[in-house]
Amino acid sequence: MKIALALRELHRAEKTLVRDLLKVSDRHHAEPEIHHVTRDLARWSRDHVRALAEAGRPYGLDLGAEVAERSGPLAPVRAAVSELLSTRPEPGVLLLADLRRLHRACAGVSLDWELLAQGAQAIKDDDLLALASRCHPHALRQLKWTDAMLKQLSPQVLAG
């Protein structure tokens with residue numbers, strides 16, 4: 001069944017989003033709102049990864065349920081560089097670039113949840129539809145946050 005493909009792709013996208021959010025958190029450690037909110041958003045996606053791993057079992061999928069708590073071995077280096085560069089003008093441009101990448105990733109994840117919900121309806125899998133109905137609003141909130149941050153920060157960064 002092709003629903004397994006959708007589950008596998010969404011699982012991959014959510015895992016990637018966790019890592020990307022954590023990298024942005026580390027890279028912009030000097031920006032408290034960015035640092036803390038991206039960690040909260042990563043927690044949602046981490047929960048989605050676990051739920052997708054469980055949902056994949058009936059479809060013969062063995063998806064990993066865990067995602068690293070850190071963005072990798074360079075996390076401390078990213079945080080240190082963030083502190084050192086916090087007074088320079090470039091971090092604003094880098095933050096916009098990171099937020100643009102996150103926004104695109106969040107849009108993809110949101111779309112994948114929508115596709116999974118449509119597929120779940122088509123095959124009449126109520127559990128999978130309930131999962132999509134529970135997780136997709138988180139994906140939409142992640143997308144709305146990146147959009148709001150881009151709108152809030154871009155005028156001062158680009159005009160400054």
Side-chain angles (χ1 to χ4, degrees), residues 6-56 63-117 127-160:
L7 281 163
R8 185 178 289 124
E9 175 55 22
L10 181 53
H11 181 266
R12 183 207 58 76
E14 285 278 17
K15 281 181 82 166
T16 299
L17 184 56
V18 170
R19 287 191 288 270
D20 291 349
L21 285 161
L22 293 175
K23 283 179 186 173
V24 169
S25 175
D26 293 338
R27 197 173 344 214
H28 301 285
H29 185 74
E31 295 285 338
E33 181 179 358
I34 301 298
H35 175 72
H36 293 293
V37 172
T38 51
R39 293 217 170 262
D40 290 341
L41 298 178
R43 207 168 335 193
W44 283 349
S45 285
R46 191 177 291 112
D47 291 344
H48 297 172
V49 166
R50 288 185 194 112
L52 286 163
E54 183 69 29
L63 304 172
E66 295 304 317
V67 184
E69 294 286 326
R70 295 178 56 186
S71 65
L74 296 178
V77 174
R78 282 190 203 97
V81 169
S82 170
E83 293 295 328
L84 290 172
L85 295 178
S86 64
T87 59
R88 300 189 44 91
E90 295 87 358
V93 174
L94 294 174
L95 177 56
L96 284 183
D98 283 340
L99 287 170
R100 286 178 67 237
R101 276 189 293 279
L102 282 179
H103 188 70
R104 287 192 300 268
C106 290
V109 166
S110 175
L111 178 60
D112 287 347
W113 277 113
E114 186 64 41
L115 295 175
L116 186 65
D127 292 336
L128 197 54
L129 183 57
L131 174 65
S133 297
R134 187 173 69 247
C135 295
H136 189 219
H138 293 152
L140 289 171
R141 286 181 64 195
Q142 290 168 323
L143 184 62
K144 286 178 184 176
W145 179 80
T146 58
D147 185 57
M149 292 307 297
L150 285 164
K151 288 176 181 173
Q152 176 185 336
L153 297 173
S154 61
Q156 62 194 41
V157 170
L158 297 175

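Numbers here simply count residues along the sequence, with the first being 1.
- Using a 4.5 Å heavy-atom threshold, the side chains of Leu102 and Leu17 count as touching.
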Return a table of donor-acceptor pairs under 3.5 angstrom between the side chains of residues 148-160 and protein atoms on other chains or two or more places apart.
residue: Lys151; atom: NZ; partner: Asp147; partner atom: OD2; Å: 3.1
residue: Ser154; atom: OG; partner: Leu150; partner atom: O; Å: 2.8

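- A ring-centre distance under 6.0 Å is found for Trp113 and His48.
- The shortest non-hydrogen separation linking Leu131 to Ala55 is CD2-CB, 3.7 Å.
- You'll find the side chain of Val67 stays beyond 4.5 Å of the side chain of Glu14, heavy atoms only.
- Every residue was checked against the salt bridge (Lys or Arg N to Asp or Glu O under 4.0 Å) condition with Arg104, not counting sequence neighbours, and none meets it.
- Interatomic distance, CZ of Arg27 versus CD1 of Ile34, reported as 12.5 Å (0.5 Å rounding).
- Heavy-atom minimum distance, Cys106 versus Thr146: SG-CG2, 4.2 Å.
- With sequence neighbours excluded, no residue forms a salt bridge (Lys or Arg N to Asp or Glu O under 4.0 Å) with Asp127.
- Listed by chain and number, the residues in a ring-ring contact (aromatic ring centres under 6.0 Å, His included) with His11 amount to none (sequence neighbours excluded).
- In terms of the ring-ring contact (aromatic ring centres under 6.0 Å, His included) criterion, residue partners of His35 (sequence neighbours excluded) are, by chain and number, His29.
- Here Arg101 pairs with Asp98 under the salt bridge (Lys or Arg N to Asp or Glu O under 4.0 Å) rule; sequence neighbours left out.
- Two residues are said to be in side-chain contact when any heavy atoms from C-beta on lie closer than 4.5 Å; His138 and Val109 fail this criterion.
- Here the closest heavy-atom approach between residue Ala132 and residue Pro137 is recorded as O-CD, 4.2 Å.
- Applying the salt bridge (Lys or Arg N to Asp or Glu O under 4.0 Å) test to every pair with at least one member in residues 108-117, sequence neighbours left out, gives no pairs at all.
- Here His103 contributes atom NE2 and Leu143 contributes atom CG; the two are 4.5 Å apart, rounded to the nearest 0.5 Å.
- From Leu96, atom CG reaches atom CZ of Arg100 across 8.5 Å, with rounding to the nearest 0.5 Å.
- Considering CG of Leu115 and CG of Leu7, their distance stands at 11.5 Å, rounded to 0.5 Å.
- Residues satisfying the side chain to side chain donor-acceptor pair (under 3.5 Å) criterion with Gln142, sequence neighbours excluded, are Ser45.
- Every side-chain contact (heavy atoms from CB on, under 4.5 Å) that Ala65 has, sequence neighbours left out, goes to Arg50, Ala53.
- The distance from the CG atom of Leu116 to the CG atom of Leu52 is 7.0 Å, given to the nearest 0.5 Å.
- With sequence neighbours excluded, the residues that form a salt bridge (Lys or Arg N to Asp or Glu O under 4.0 Å) with Arg43 are Asp40.
- Put simply, OG1 on Thr38 and CG on Leu22 are 7.0 Å apart, with the number rounded to the nearest 0.5 Å.
- Not a single donor-acceptor pair under 3.5 Å links the side chain of Ser25 to the backbone N or O of Leu21.
- The heavy-atom pair separating Ala42 from Val18 by the smallest distance is O-CG2, 3.7 Å.
- Every side-chain contact (heavy atoms from CB on, under 4.5 Å) that Arg141 has, sequence neighbours left out, goes to Trp44.
- Among residues at least two apart or in separate chains, there is no ring pair (Phe, Tyr, Trp, His ring centres under 6.0 Å) pair with a member in residues 139-160.
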